[in-house]
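Just so it is clear, the model here is predicted, and its values are computed rather than measured.
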Amino acid sequence: MQYCSLRDWESKKFDFELEFKGDTLVQHGEENLPELGVKHTIIETYLKVK
């Protein structure tokens, strides 16, 4: 993450997998920052606007 208003999250690396289904992109992965007590599963869905 290059920039975030939560400074402790900056410069951290998170791996995500991408999946394309027609006009939809699904991105999912885990934000794991043990030193901050953070372990989130993230799923983001993007739909192409025509």
Side-chain angles (χ1 to χ4, degrees):
M1 184 172 294
Q2 292 181 2
Y3 174 81
C4 179
S5 61
L6 301 169
R7 297 293 185 210
D8 293 337
W9 289 49
E10 285 185 345
S11 301
K12 304 296 185 206
K13 183 178 182 211
F14 305 107
D15 294 318
F16 289 86
E17 293 184 22
L18 302 176
E19 181 180 355
F20 291 97
K21 297 178 182 176
D23 287 346
T24 304
L25 167 67
V26 179
Q27 172 177 291
H28 56 90
E30 184 176 87
E31 294 177 342
N32 188 5
L33 299 167
E35 67 276 13
L36 301 177
V38 173
K39 188 170 185 178
H40 298 194
T41 297
I42 304 295
I43 301 171
E44 299 175 344
T45 303
Y46 300 93
L47 180 62
K48 180 179 176 181
V49 178
K50 297 178 182 184

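Among residue pairs with one or both ends in residues 33-49, those qualifying as salt bridge (Lys or Arg N to Asp or Glu O under 4.0 Å) are Lys12-Glu35; sequence neighbours excluded. Judged as a side-chain hydrogen bond (donor to acceptor under 3.5 Å, both in side chains), the pairs with a partner in residues 15-25 (not counting sequence neighbours) are, in order, Asp23-Lys50.
In terms of heavy atoms, Phe14 sits closest to Asn32 at CE2-N, 3.9 Å.
Distance check, rounded to the nearest 0.5 Å: NE2 of His28 to CD1 of Ile42 gives 12.5 Å. Considering CD of Gln27 and CZ of Phe16, their distance stands at 5.5 Å, rounded to 0.5 Å.
Members clustered with Tyr46: Leu18, Phe20, Leu25, by chain and number, using a 4.5 Å side-chain heavy-atom cutoff among hydrophobic residues.
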